[in-house]
Enquirer: 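Take a look at this one; I'll ask things after.
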Amino acid sequence: HLSPPPTPTRPSPAGAMAPEPYLVGAGCYDITGPCAEVALMGYGNARQIGGGLHQRLRSRAFVVADRERPRERVVLVTADLWACT
C-alpha cells in the first residue's frame, strides 16, 4: 500500500506553511524506433540503410494544474522528432 506524498508547502506571510498553489507532474518516455536495416531520411544515398543507434529519442510531458481546480490543467508535450506525418 502506497501512502500519498506529503503536500508541498511554502511559508505564508503570517509564517504558517501554506500549500503550493499548483500541482506539477512530468514524464519521459523512450520513443526510439527501429535502429538498423531501415531506410534513412534526408540528403543521403536513397539505397543507404541505417546500421545502428547514435542516440535515443524521447518524448517528454509536463502537466500543471491548479490545486483548487485540478481538472483545469495545461499539458506541454515535446518529442525528439525530425519529421512526422
Side-chain angles (χ1 to χ4, degrees):
H1 174 66
L2 297 174
S3 59
T7 302
T9 58
R10 60 186 162 80
S12 68
M17 297 303 275
E20 291 290 341
Y22 297 106
L23 302 169
V24 179
C28 183
Y29 193 77
D30 185 337
I31 59 170
T32 307
C35 302
E37 304 295 324
V38 294
L40 300 176
M41 300 169 74
Y43 299 102
N45 182 337
R47 291 174 292 204
Q48 186 177 7
I49 58 171
L53 176 67
H54 177 65
Q55 89 182 48
R56 295 216 164 265
L57 303 177
R58 306 213 185 275
S59 180
R60 294 166 182 85
F62 304 91
V63 182
V64 180
D66 186 320
R67 182 176 290 283
E68 301 296 320
R69 295 180 304 277
R71 294 182 66 85
E72 294 180 23
R73 60 190 77 145
V74 174
V75 179
L76 172 66
V77 178
T78 65
D80 300 334
L81 299 176
W82 179 67
C84 55
T85 58

Enquirer: Minimum heavy-atom separation for Pro70 and Ala65, please, with both atom names.
Expert: O-CB, 3.7 Å

Enquirer: Of the non-hydrogen atoms in Val63 and Arg73, which two are nearest, and what is the gap between them?
Expert: CG1-CD, 4.1 Å

Enquirer: What distance separates Asp66 CG from Glu72 CD, expressed to the nearest 0.5 Å?
Expert: 7.0 Å

Enquirer: According to a 4.5 Å side-chain heavy-atom criterion applied to Ile, Leu, Val, Met, Phe, Trp and Tyr, with indirect links allowed, do Leu76 and Tyr29 form part of one hydrophobic cluster?
Expert: no

Enquirer: Between Asp80 and Arg60, does any side-chain N to carboxylate O distance fall below 4.0 Å?
Expert: yes

Enquirer: Can you see which heavy atom on Glu20 is nearest to which on Arg67, and at what distance?
Expert: O-NE, 2.7 Å

Enquirer: What closest approach, in Å, do Asp30 and Leu57 show between heavy atoms, and which atom pair accounts for it?
Expert: OD1-O, 3.3 Å

Enquirer: Which distance, rounded to the nearest 0.5 Å, do you find between the CD of Glu68 and the CG of Leu23?
Expert: 9.5 Å

